[in-house]
**Student:** 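Got a structure for you, written out below as structure tokens; questions coming shortly.
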Amino acid sequence: MESGRKLERAFFQRNPTICAKELIGCTLSFAGCAGMIVETEAYAALGDPACHTWRRPSAREFVLKHQPGSAYVYLNYGLHWLFNFLVKGGESDGFVLIRALKPLHGIEIMKQRRNRLKAEELCNGPGKLTQSLEINGVHHGIDPISAKGWNLSLGKTDLATIHASSRIGITQAREYPWRFFLPRCKFVSLPSRGAESHP
DNA sequence: GGGCCGATTAGG
DNA sequence: CTAATCGGCCCG
């Protein structure tokens, strides 16, 4: 697969961890705003207590009824919309949470929506990037591969440069190194710390 | 209907 | 450190 090309359905028909890692460097565009994905997390539909499918019948139903690449969007803490891709059809199904973007286009609009001036504060968190791109519950279940206004394209990041760490903010299954990010990137959600490793 | 929880964030 | 705020889920 080649940089700049649109992501195909097959991209999401692989394991959640592979998809999460390879989404780093890809570009996510929606309605005039775009950013390079610099931080993700993988969640597994089976055997992962941190995944919604562990406790929510509705999440299990979502996996069954939607095609790979679909948007799984939900409201967290009653305040923040979080955006995931459904991953399905590989050895295991699951989700990839998009946690941070490096803003590329529509930066002025993002600044207005976020009421923030610094580019590194626009999309450096899962709830912040949805606010910047104006992604919310109406996008739950849509297919960004084909939906009007959306575009997903491949990056050129060397996979060997991507770091991994524990996932952030969860209380279950903290030990899995399923957070992926670009090291020393000022657009990731947190200063790199804690136990990090190359996959 | 009530109670609890949570893949977060901004502000003090 | 904490408040903010609500869908999903379970219980009764």
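Fair warning: this is a prediction, and the values are worked out from it, not measured in the lab. Sequence lines set the chain letters: A, B, ... in the order given, protein chains first and strands last, and positions in each chain run from 1.
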**Student:** Using the C1' atom on both, measure dG7(C) against dA10(B) and round to a whole Å.
**Tutor:** 22 Å

**Student:** Using the test salt bridge (charged side-chain N to carboxylate O under 4.0 Å, His left out), find all partners of E175(A) that sit at least two apart in sequence or belong to another chain.
**Tutor:** none

**Student:** Looking at residues at least two apart in the chain, or sitting in another chain, which of them share a side-chain hydrogen bond (donor to acceptor under 3.5 Å, both in side chains) with N84(A)?
**Tutor:** none

**Student:** Residues two or more places apart in sequence or in another chain: which of them pass ring-ring contact (aromatic ring centres under 6.0 Å, His included) with W81(A)?
**Tutor:** none

**Student:** Distance under 4.0 Å to a non-hydrogen atom of chain A counts as contact; along DNA chain B, which nucleotides mark the start and end?
**Tutor:**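 Contact boundaries, 5' end first: dG6(B) to dG11(B).
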
**Student:** Relative to the 5' end of DNA chain B, which residue comes earlier, R114(A) or T171(A), by the nucleotide with the nearest heavy atom?
**Tutor:**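 Taking each residue's closest nucleotide, the earlier one in sequence belongs to T171(A).
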
**Student:** So is R14(A) actually on top of F11(A)'s ring, under 6.0 Å and inside 45° of the axis?
**Tutor:**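 Yes, R14(A) and F11(A) form such a contact.
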
**Student:** Suppose clustering is done on Ile, Leu, Val, Met, Phe, Trp and Tyr with side-chain heavy atoms closer than 4.5 Å. Which residues sit in the same group as V138(A)?
**Tutor:**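 Members alongside V138(A): none; it stands by itself.
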
**Student:** Would you call N151(A) and T27(A) a side-chain contact if the rule is heavy atoms closer than 4.5 Å?
**Tutor:**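 A side-chain contact under 4.5 Å is absent here.
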
**Student:** Any side-chain hydrogen bond (donor to acceptor under 3.5 Å, both in side chains) pairs touching residues 118-127 of chain A, not counting sequence neighbours?
**Tutor:**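 Of all non-adjacent pairs touching residues 118-127 of chain A, those that pass side-chain hydrogen bond (donor to acceptor under 3.5 Å, both in side chains) are N124(A)-K128(A).
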
**Student:** Under 3.5 Å, is there a donor-acceptor pair linking the side chains of R60(A) and T53(A)?
**Tutor:** no

**Student:** Using a distance-only test with no angle check, is there a side-chain donor-acceptor pair under 3.5 angstrom linking S132(A) and R113(A)?
**Tutor:** no

**Student:** Quick one: stems involving DNA chain C, counted as three or more successive Watson-Crick or G-U pairs, both distances short of 3.5 Å.
**Tutor:** B:1-6 with C:6-11, B:8-11 with C:1-4

**Student:** What parts of residues 115-142 of chain A reach DNA chain B, counting only heavy atoms under 4.0 Å away?
**Tutor:** R116(A), G125(A), P126(A), G127(A), K128(A)

**Student:** Under 4.5 Å between side-chain heavy atoms, chaining through other members, with only Ile, Leu, Val, Met, Phe, Trp and Tyr counted: pull out the rest of the cluster around L86(A), sorted by chain and number.
**Tutor:**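 L86(A) shares its hydrophobic cluster with Y43(A), F62(A), V63(A), Y72(A), Y74(A), L82(A), F95(A), L97(A), I170(A).
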
**Student:** Can you give one letter per nucleotide of nucleotides 7-12 of chain C, 5' to 3': B if a protein heavy atom sits under 4.0 Å from the base, S if only from the sugar-phosphate, - if neither?
**Tutor:** -SS---

**Student:** I'd like to know if the side chain of S146(A) pairs up with that of D143(A) as donor and acceptor (distance under 3.5 Å, no hydrogens or angles considered).
**Tutor:**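 Present: a donor and an acceptor within the cut-off.
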
**Student:** Tell me, please, which residues at least two apart from Q131(A) pass side-chain hydrogen bond (donor to acceptor under 3.5 Å, both in side chains).
**Tutor:**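 Partners of Q131(A) by the side-chain hydrogen bond (donor to acceptor under 3.5 Å, both in side chains) criterion, ordered by chain and then number, come out as R114(A).
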
**Student:** Holding to side-chain hydrogen bond (donor to acceptor under 3.5 Å, both in side chains), I want the full list of residues that pass it with E61(A), two or more places apart in sequence or in another chain.
**Tutor:**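 Partners of E61(A) under the side-chain hydrogen bond (donor to acceptor under 3.5 Å, both in side chains) test: K65(A).
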
